[in-house]
Every structure is written in C-alpha cells, then in structure tokens.
There are 2 protein chains.
Amino acid sequence: MRGGTKLNEESEQWEYESPCHYRRALEVVSSKWTVLVFYELESGTKRYGDLKRSIEGVTQKMLTQTLRQLERDGLVDRRVYPSVPPTVEYSLTPLGETLIEPMRILHKWTDAHYDSVLQARREYDRDHS
Amino acid sequence: MRGGTKLNEESEQWEYESPCHYRRALEVVSSKWTVLVFYELESGTKRYGDLKRSIEGVTQKMLTQTLRQLERDGLVDRRVYPSVPPTVEYSLTPLGETLIEPMRILHKWTDAHYDSVLQARREYDRDHS
DNA sequence: CTGCATCCTGCTAGATACTG
DNA sequence: CAGTATCTAGCAGGATGCAG
C-alpha cells in the first residue's frame, strides 16, 4: 500500500465505462483500509464500533469513507437498526465474498515473500546510499 | 486503484519490521502504475521507452518512480548498457515472477465481476442522489 | 453509537526545463 | 534515450466540533 491510497473517485471519464481491465485490476481493493476492513468482515458481520476498535490506527473519517466506498461498489452491506442509540452492522455481500479468495492468495504471497522484499530493500538502500 | 496511489515510503516505523502482514498484503503492488508495469513485463524484457509508450497516460516521472520502487523491492531487474545513447532494460526478477500468478487471479476477478461493481455503483448513485 | 461538516497541513503527481 | 531537478496546484487524510 505504500503509505496510503486515495479514496476519491476515479476521473469521470472512466467512471462507468467499459473494460480497460488491466488498468483497474486493483482499483476496487487497493486502499490500505479496504484490505483491513475486508479482513475483519471475512469473519462475519461487524458493527461500526467493532471495526473501529479492531482496525488499529484508522480514523473514523477514513473508516466511514472506506465503508461507503465498499458499499457503493456492492461489496459490503450496511444495515441500520433504528434503535437508540443507533446500531449499524456491516457485512460482506455475495459479490464481496467472491473477493475473499483472491485476497487470500495475495495474502499468502505476502506471507511467503515479504521477507525477501524487505531484504531486497535493505540491500538496495545499502548499495544506493 | 481509485484515482491513484501514493508511491512514497511507508512510515519508517514499519519499514523494516516484522509481519503485520494483513496490513501490507497489498503494499507491494497496490499502485495504479505498478500493476500496469507488471503486466507489461510479464511478456518479457522491455526498454524504458517501450514501457513509456505501452502504458498510456503514465508520465515519465511516475514511470521512473514506479520502476525504482519495484527495483528496490527486488521485483524488477534494471540493466543498463553503457552505449550512446544509453539503453536500459527492465525485466521481472525470479521474485517478481512469483507475483504473476496472484496478480492474474486478481485480474480474473476483475474480468468476472467488474461489471457488477459498476452496476452497483450506478444503483448506489441513483438511490443516493 | 454512528456518523457528517469543517478546517488545516503535508504530500503527490503533473508540468516544465535541463543533462549525461 | 533515459533520466534528474524544481515548482505548483490539488487533494488526502488527520483533528476537531457537532448531530440524530
């Protein structure tokens, strides 16, 4: 994620247009917080506050923004219970669940190779200092 | 990708530290241009100018930055031939090649489900206008 | 509890000009 | 050809305060 990802809209020009898939292969999931929210929701429905607590370091602004994004993309379901105080539950939609497997695979890659990446960085930094 | 991704360093605090893998599952590949460069290099060694031409819309600054990043992470090999004018070739390293499969899977997901995402967006925008 | 509105700052990425 | 250097606008994201 390299520091963070913009969550704003892509340019209008592409918003609703056809493929160009390579360009957007990651567009849906490639935010720092998106991955984490996804990981939390894999294990089932969660309330806003739960997510806020589980995801260390997320601000409420970013969490809300991320959830809205995912909801808009049809990956996450937002259910509001008109109680007092309000209760809001988030869960993966069926479409969202189709993303679990690809995410897991990427995750596995990280587990397997992240150390190599770190070492490559150290060497690079050493040689280019 | 949602508009773009920062290519700067993650915070120093994490730079060389241990796992926390979920947090960085996508950190290595989650830049708009990274995916595209990767896709270009899958088919073999390419020169800087080739990449520049193939990847529509990339500025030379971003291309260079992305390539440096990938090189630093040990995913891409940069080979300079001391000719005049200079020739620089880029290719995937063995480590880089291990990422091809995960990327392909994500790519497949996009092919299969991107239309659903677009439609979800349209509906969301319609209902929340 | 679950947000939205606002202000503010730093950083990103584009544009432009220059070089070995 | 393959970059580096500099300037700048715009936006992302944190902090704070308020609300249903």
Side-chain angles (χ1 to χ4, degrees), chain A residues 1-13 23 27 30-37 40-41 45-72 76-91 128, chain B residues 1-13 23 27 30-37 40-41 45-72 76-91 128:
Chain A
M1 196 78 27
R2 195 84 56 205
T5 304
K6 299 178 185 177
L7 280 172
N8 66 318
E9 300 314 308
E10 62 211 284
S11 60
E12 290 304 321
Q13 162 187 26
R23 179 148 247 140
E27 123 185 337
S30 69
S31 133
K32 176 179 179 178
W33 305 118
T34 302
V35 196
L36 297 174
V37 167
E40 289 300 323
L41 292 181
T45 300
K46 293 262 166 48
R47 294 186 55 182
Y48 182 87
D50 295 333
L51 293 171
K52 181 85 173 62
R53 267 183 299 279
S54 322
I55 305 176
E56 195 185 358
V58 72
T59 60
Q60 143 240 69
K61 179 183 176 179
M62 291 319 293
L63 180 54
T64 301
Q65 212 170 107
T66 303
L67 288 166
R68 287 291 173 285
Q69 202 61 249
L70 288 168
E71 190 195 357
R72 187 170 99 103
V76 158
D77 185 43
R78 178 173 183 267
R79 195 153 298 181
V80 184
Y81 298 93
S83 52
V84 179
T87 300
V88 183
E89 287 184 349
Y90 292 92
S91 57
H128 298 70
Chain B
M1 197 88 21
R2 193 87 53 206
T5 303
K6 300 177 183 176
L7 279 173
N8 67 317
E9 298 315 307
E10 64 212 280
S11 62
E12 289 305 320
Q13 161 187 27
R23 179 148 247 139
E27 124 186 335
S30 70
S31 132
K32 177 179 178 179
W33 304 118
T34 301
V35 196
L36 297 174
V37 167
E40 289 301 322
L41 292 182
T45 299
K46 294 260 166 50
R47 295 187 54 181
Y48 182 88
D50 295 333
L51 293 170
K52 181 89 174 59
R53 267 182 299 280
S54 322
I55 304 176
E56 195 185 357
V58 73
T59 60
Q60 134 245 70
K61 178 183 175 179
M62 290 318 295
L63 180 55
T64 300
Q65 211 169 110
T66 303
L67 287 167
R68 285 292 174 283
Q69 201 65 247
L70 288 168
E71 189 196 357
R72 187 170 98 104
V76 157
D77 185 43
R78 177 172 183 270
R79 195 151 299 181
V80 184
Y81 298 93
S83 50
V84 179
T87 300
V88 183
E89 287 184 349
Y90 291 92
S91 57
H128 298 71

Participant: With sequence neighbours excluded, tell me which residues meet salt bridge (charged side-chain N to carboxylate O under 4.0 Å, His left out) with B:R78.
Facilitator: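 With neighbours one apart ignored, the set is empty.
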Participant: Which whole-number value in Å describes the distance from B:I55 CD1 to C:dG14 C1'?
Facilitator: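 One finds 17 Å between C1' of C:dG14 and CD1 of B:I55, rounded.
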Participant: Rounding to an integer number of Å, can you tell me how far A:L63 CG sits from C:dG3 P?
Facilitator: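 To the nearest whole Å, that distance equals 8 Å.
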Participant: Just jot down the side-chain hydrogen bond (donor to acceptor under 3.5 Å, both in side chains) partners of B:E89, sequence neighbours excluded, or say none.
Facilitator: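 B:E89 satisfies side-chain hydrogen bond (donor to acceptor under 3.5 Å, both in side chains) with B:Y81 once adjacent residues are dropped.
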Participant: Identify the residue among B:K52, B:R53, B:R47 that makes a salt bridge (Lys or Arg N to Asp or Glu O under 4.0 Å) with B:D50.
Facilitator: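 Single salt bridge (Lys or Arg N to Asp or Glu O under 4.0 Å) partner of B:D50 among B:K52, B:R53, B:R47: B:R53.
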Participant: Taking CD from A:Q65 and P from D:dC11, how many angstroms apart are they, rounded to a whole number?
Facilitator: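 After rounding, the gap between these two atoms is 14 Å.
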Participant: With a 4.5 Å limit on heavy-atom distance, are the side chains of B:L36 and B:V58 in contact?
Facilitator: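 Side chain of B:L36 against side chain of B:V58, heavy atoms only: no contact under 4.5 Å found.
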Participant: Taking side chain to side chain contact (heavy atoms under 4.5 Å, CB included) as the criterion, tell me which of B:L41, B:V76, B:T45 meets it with B:S91.
Facilitator: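 By the side chain to side chain contact (heavy atoms under 4.5 Å, CB included) criterion, B:S91 pairs with just one of B:L41, B:V76, B:T45: B:T45.
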Participant: Does B:Q60 offer a backbone N or O that forms a donor-acceptor pair with the side chain of B:Y48 under 3.5 Å?
Facilitator: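 At least one qualifying donor-acceptor pair exists.
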Participant: Polar-atom pairs under 3.5 Å, protein N or O versus N or O of nucleotides 2-6 of chain D: list them with distances, or write none.
Facilitator:
| unit_1 | atom_1 | unit_2 | atom_2 | d |
| --- | --- | --- | --- | --- |
| D:dA2 | OP1 | B:R47 | NE | 3.0 |
| D:dA2 | OP1 | B:R47 | NH2 | 3.0 |
| D:dA2 | OP2 | B:G49 | N | 2.8 |
| D:dG3 | OP1 | B:R68 | NH2 | 3.1 |
| D:dG3 | OP1 | B:R78 | NE | 3.4 |
| D:dG3 | OP1 | B:R78 | NH2 | 2.4 |
| D:dG3 | OP2 | B:Y90 | OH | 2.7 |
| D:dG3 | N7 | B:Q60 | NE2 | 3.1 |
| D:dG3 | O6 | B:Q60 | NE2 | 3.3 |
| D:dT4 | O4 | B:Q60 | OE1 | 3.4 |
| D:dT4 | O4 | B:Q60 | NE2 | 3.1 |

Participant: Please report the distance, rounded to the nearest Å, between CG in A:L36 and P in D:dG13.
Facilitator: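 Atom-to-atom, A:L36 to D:dG13, this comes out as 13 Å.
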Participant: Taking the nucleotide of DNA chain D with the closest heavy atom to each, which residue, A:T59 or A:P85, is nearer the 5' end?
Facilitator: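 This one resolves to A:T59.
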Participant: Can you check the A:K32 NZ to D:dG13 P distance for me, whole Å?
Facilitator: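 Atom NZ in A:K32 sits about 9 Å away from atom P in D:dG13.
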Participant: Between D:dA15 atom C1' and A:K52 atom NZ, what is the distance in whole Å?
Facilitator: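 Going from NZ in A:K52 over to C1' in D:dA15 covers 12 Å.
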Participant: Between A:Q69 (CD) and D:dA12 (C1'), how many Å, whole number?
Facilitator: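 About 13 Å, once rounded to whole Å.
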Participant: What integer distance in Å separates A:M62:CE from C:dC4:P?
Facilitator: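 Taking atom P of C:dC4 as the reference, CE of A:M62 is at 13 Å.
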